[in-house]
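For the single chain, residues carry numbers from 1 onward in sequence order.
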Amino acid sequence: MSKKNDQYYFDNFIACTNSACQAARMLEENLNDFHVDTLQAKLDALHEIEHGADQKKHEMMGVLVKAFITPIEREDIILLSQGIDEVTDKIEDVALRMYCNNIEDIFPPAKAMVKVVIESCEEMVKMLEEFKNFKKSKTLHESIIRINTLEEDRLFIDGMRELHTKENDPIKIITWRELLIYLEKCTDATEHVADVCERVIMTNT
């Protein structure tokens, strides 16, 4: 496969990761500028981002199935593509839960957690932009470490503690407990992408 065709995979990774970032920023906007009557419209807009990213993933799978030689192992291309897609899916899941549970106000710790989701997605973009140089890059490992560092449980634990000690409404406790878990899954998903990248580096250098 030519270098030009090799680049296609790396460009697709970046484009899909940018979609995850866009979704994370939209989720933050939903939390910071929350209005019950706009939940449906904002969920629809976020779904459009997820759908676009999904189309990019399927397009790459179509190219991959016809490819004779690939820049990294096929399995790793599939895992990385699915992992990036999972990040966007998890972000959409948070908005979907907000809508389905008909939340009426925002639990403040969720705002802090979504900021970490955005930071993780932005670092993921940096990582994937550098990924084509994985055999000789001096900065790729730093991004992998940072994503794993951002994915820490302190905010989640503190948020759960605050929810169960300061909130008296059992419905809100159940609702926001679920949403905090979904937010945590977003950063877990970015960590999985970083782990796949690290695996590629370890097996190819």
- Sub-3.5 Å donor-acceptor pair from the side chain of Asp33 to the main-chain atoms of Glu29, do we have one? no
- Query: Would you say the side chain of Val87 lies within less than 4.5 Å of the side chain of Cys121, judging by non-hydrogen atoms?
  - Reply: yes
- From Ile145 CD1 over to Thr149 OG1, what is the distance, rounded to the nearest 0.5 angstrom? 7.0 Å
- Task: Please collect all side-chain hydrogen bond (donor to acceptor under 3.5 Å, both in side chains) contacts where either partner lies in residues 165-182, sequence neighbours excluded, each pair once.
- Result: Asn101-Glu178, Asp105-Lys172
- Query: How many angstroms lie between CZ in Arg146 and NZ in Lys126, if you round to the nearest 0.5 Å?
  - Reply: 7.0 Å
- Query: Does a side-chain heavy-atom distance below 4.5 Å link Phe156 with Thr187?
  - Reply: no
- Message: Pair Tyr99, Lys42 - check side chain to side chain contact (heavy atoms under 4.5 Å, CB included), show working.
- Response: CA-CA 10 Å; Tyr99 177 74; Lys42 289 180 176 179; over 6 Å; no
- Output, in order, the C-alpha distance, side-chain angles, deciding distance and verdict of side chain to side chain contact (heavy atoms under 4.5 Å, CB included) for Lys132 and Phe13. CA-CA 10 Å; Lys132 63 181 179 293; Phe13 293 148; over 6 Å; no
- Heavy-atom pair with the smallest gap, counting every atom of Ile103 and Val36: O-CG2, 3.7 Å
- Message: Quick check: is Leu31 connected to Ile118 through a chain of hydrophobic side chains (ILVMFWY, heavy atoms under 4.5 Å apart)?
- Response: no
- Query: Between Asn148 and Ile144, is there a donor-acceptor pair closer than 3.5 Å when you use the side chain of the first and the backbone of the second?
  - Reply: yes
Return a table of donor-acceptor pairs under 3.5 angstrom between the side chains of residues 192-199 and protein atoms on other chains or two or more places apart.
from, atom 1, to, atom 2, distance (Å)
Arg199, NE, Asp76, OD1, 3.1
Arg199, NH2, Glu75, OE1, 3.4
Arg199, NH2, Glu75, OE2, 3.3
Arg199, NH2, Asp76, OD1, 3.3

- Note on the structure: Of all heavy-atom pairs linking Leu128 and Ile14, the shortest is O-CG1, 3.7 Å
- Item | Where at least one partner belongs to residues 11-24, residue pairs that pass side-chain hydrogen bond (donor to acceptor under 3.5 Å, both in side chains), sequence neighbours excluded | Gln7-Asp11
- Reported CD1-to-CD1 distance for the pair Ile78 and Ile72, which is rounded to 0.5 angstrom: 10.5 Å
- Does Leu80 belong to the same Ile/Leu/Val/Met/Phe/Trp/Tyr cluster as Tyr9, with side-chain heavy atoms less than 4.5 Å apart forming each link? yes
- Which pair of non-hydrogen atoms, one from Met26 and one from Leu46, has the smallest distance, and what is that distance? SD-N, 3.6 Å
- Is Phe34 reachable from Met113 through a run of I, L, V, M, F, W or Y residues, each pair having side-chain heavy atoms under 4.5 Å apart? yes
- What one should report as the nearest heavy-atom pair of Ala24 and Val117 is CB-CG1, 4.1 Å
- Met160 and Leu180 have their tightest heavy-atom pair at N-CD1, 3.9 Å
- Query: Is there a side-chain hydrogen bond (donor to acceptor under 3.5 Å, both in side chains) between Glu50 and Thr88 once you walk through the steps?
  - Reply: CA-CA 6 Å; Glu50 188 279 332; Thr88 311; over 6 Å; no
- Message: Counting C-beta onward and ignoring hydrogens, is there a side-chain heavy-atom pair between Ile77 and Met60 closer than 4.5 Å?
- Response: yes
- Please examine the side chains of Leu163 and Phe107, heavy atoms only from C-beta on, and report whether any two atoms are closer than 4.5 Å. yes
- Message: Working to the nearest 0.5 angstrom, can you tell me the gap between Ile181 CD1 and Cys186 SG?
- Response: 12.5 Å
- Query: With side chains defined as the heavy atoms from C-beta onward, is the minimum distance between Glu86 and Asp89 less than 4.5 Å?
  - Reply: yes
- Message: Rounded to the nearest 0.5 Å, what separates atom CG in Leu79 from atom CD in Glu73?
- Response: 11.0 Å
- Parallel, tilted or perpendicular: which describes the rings of His47 and His51, with under 30° parallel and over 60° perpendicular? parallel
- Between Lys57 and Cys16 the two heavy atoms that sit nearest each other are N-SG, 4.2 Å
- Given the rule that I, L, V, M, F, W and Y join up when any side-chain heavy atoms are under 4.5 Å apart, are Ile147 and Val125 in one cluster? no
- Task: With the side chain counted from C-beta on, respond yes when Arg25 and Glu122 share a heavy-atom pair under 4.5 Å apart, and no when they do not.
- Result: yes
- Message: For Arg161, is the CZ atom crowded, meaning more than 12 foreign heavy atoms sit under 6.0 Å from it?
- Response: no
- First locate atom CG of Leu96, then atom CD1 of Ile91, and finally report the distance between them rounded to the nearest 0.5 Å. 13.5 Å
